Amino acid sequence: MPHLAVSDVFAKYGKLEVLHGISFDVERGEVVSLVGPSGSGKSTVLRTLVGLTPVTGGHVDVDGTSIDYHSARAIKAARDRMAIVFQQFNLFQNMTVLRNVTLAPTKIKGRPKAEVEAEAIELLSLVGLADKRDAYPDELSGGQQQRVAIARALALKPEILLLDEVTSALDPELVNEVLDTVRRLAGEGMTMLLVSHEMSFVREVSNKVIFMDKGRVVESGPPGQIFDAPTSDRARDFFGKILRG
Amino acid sequence: MERLIAQLPEFFTWSNMALLADAALMTLSMTLIGCFIGFGLALVLVFLRTTPGLWALPLRVACIAYVEVFRRIPFLVVIYLVLFFIQTVSTDVSLFAIAVIAICTYAIAYTADIIRGGIESVPHTQIEAAQAMNFSRLRTLFTVQLPQAWPIILPPAIAFSVSFIKDTALVSQIGVFELTFRGKELNNQGFSGILVFGTIAMSYFLMSFPLSMLGQYLEKRLATPRGQRRLRKIRQT
Ligand SMILES: Nc1ncnc2c1ncn2[C@@H]1O[C@H](COP(=O)(O)OP(=O)(O)OP(=O)(O)O)[C@@H](O)[C@H]1O
Ligand SMILES: [Mg+2]
């Protein structure tokens, strides 16, 4: 049974429908990447999973149980199991880095403060920012904020981690570090769904790649197949452009 | 003018000054208590106003209606409304309490809009981040939205309260022994109007000026480099 199964999901922003029947599966411990042109709905897929954009059709199952996005309680339960790193990081501007990371685990999950703080500092060291624990987000560079956002999501110990363009603000050296982190987490059995424009990163890290266009899945498969031998014209065209630079 | 000067020693007696000081204290405490409680209730109102769900529609409408209605009624009318409303319910509520309730009623409507404006200036993405981590609406308000909104909310809220010190003169109409009421009394006792109301005017000034200074100091405090950066950011978005 897949850990996360997305079946024929539709989603709307107000009246504008942006997902027109998306389906894919993610097995436990797998890393699956969503790729595709800007505006194809990749971020929206992640947002619908955590109930930030309303699902207007289809269903999402976690461990074989469907999430009822009309029920606040079900959304809460789903958010307990999934954590998202936003494309724009969305760190709380009024809190220090450390508090950004520890707030939800202590106040929402009710874990002891000392334990959470020790873990948070460890996570911050992991992303190379232990010395920034008392800084505020607006005192950090984009890449640093992005790494704090990753630490904040990991502190929640999610079963499923949703990463939206987590390498967009990082320089190549740091991309490799994030790559290592993602691999290690996958090795520890965390299920990950990520969105990225960084094709070499996607190729390195993914078990499966899903190519999206205009709110639909055009094709999916192992990275080798999708990148080197895409069957659809749309994917060939897209990767052709990217690979040619 | 000669009469005025002749009255000076008679006017500036201990008892008269004690009377005025008492009245000034009445004015000040009425305003501060009323605005303070009003601000707290305005926060509640703003929170209720954004209650999601269809069942909460009447609640949302009621909150909006309250603000829209009370902002369009002269304060004097609010005073009479509160007075007569309370007197139909109970006859042993002090005039001071009635004045405080009237100030409160009016302050809620004004500060609710100030608070709402401040809260809405916080980018929606901050709220989404909180939602995604299962923060309740109340927790999001207190740990994410309000801390970022204070620099926007406090200056106009303080300015409103300070300027309200002078507007409370209207409660003299229902016989609260505040500053303007005592002024009229002394004037009726035969003291020169210029002398009496000049002193009263000075008292109002002496009360609100230091408070405006305090408000400006707070504004500057909020404008520390960090506060300023935050303020700029909030205004950009
Ligand atoms: N908050 C919003 N309100 C209205 N429309 C939106 C909103 N967010 C996104 N959209 C629209 O939904 C569509 C899909 O957007 P989405 O952000 O999911 O694309 P994306 O694939 O993540 O793009 P990118 O690679 O640029 O991040 C776009 O057409 C976009 O204009
Ligand atoms: Mg996106």
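Chain A is the first sequence line, chain B the second, and so forth, proteins listed ahead of strands; every chain is numbered from 1. Only a predicted model underlies this, so the values are computations on that prediction, with no experimental measurement involved.
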Side chain, backbone, both or neither: which part of [X] has an atom under 4.5 Å from a heavy atom of chain B?
X: Phe86(A); result: side chain
X: Lys107(A); result: both
X: Ala104(A); result: both

Exercise for the section: Give a yes or no on whether the ring-centroid distance for Phe164(B) and Tyr110(B) is below 6.0 angstrom. Expected result: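 No, the ring centres sit 6.0 Å or more apart.
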
Practice task
Answer with yes or no whether the side chains of Gln146(A) and Ser168(A) bring together a donor and an acceptor at under 3.5 Å.
Solution key: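 A pair is found: one side chain offers a donor N or O, the other an acceptor, under 3.5 Å apart.
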
Exercise for the section: Verify the distance criterion only: is there a donor paired with an acceptor across the side chains of Thr180(B) and Ser172(B) at less than 3.5 Å? Expected result: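 No, Ser172(B) and Thr180(B) have no side-chain donor paired with an acceptor closer than 3.5 Å.
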
Practice task
Examine Arg47(A) relative to Tyr13(A) and say whether NZ or CZ is less than 6.0 Å from the centre of the six-membered ring and inside a 45° cone about the ring axis.
Solution key: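 The answer is no, since Arg47(A) fails at least one limit relative to Tyr13(A).
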
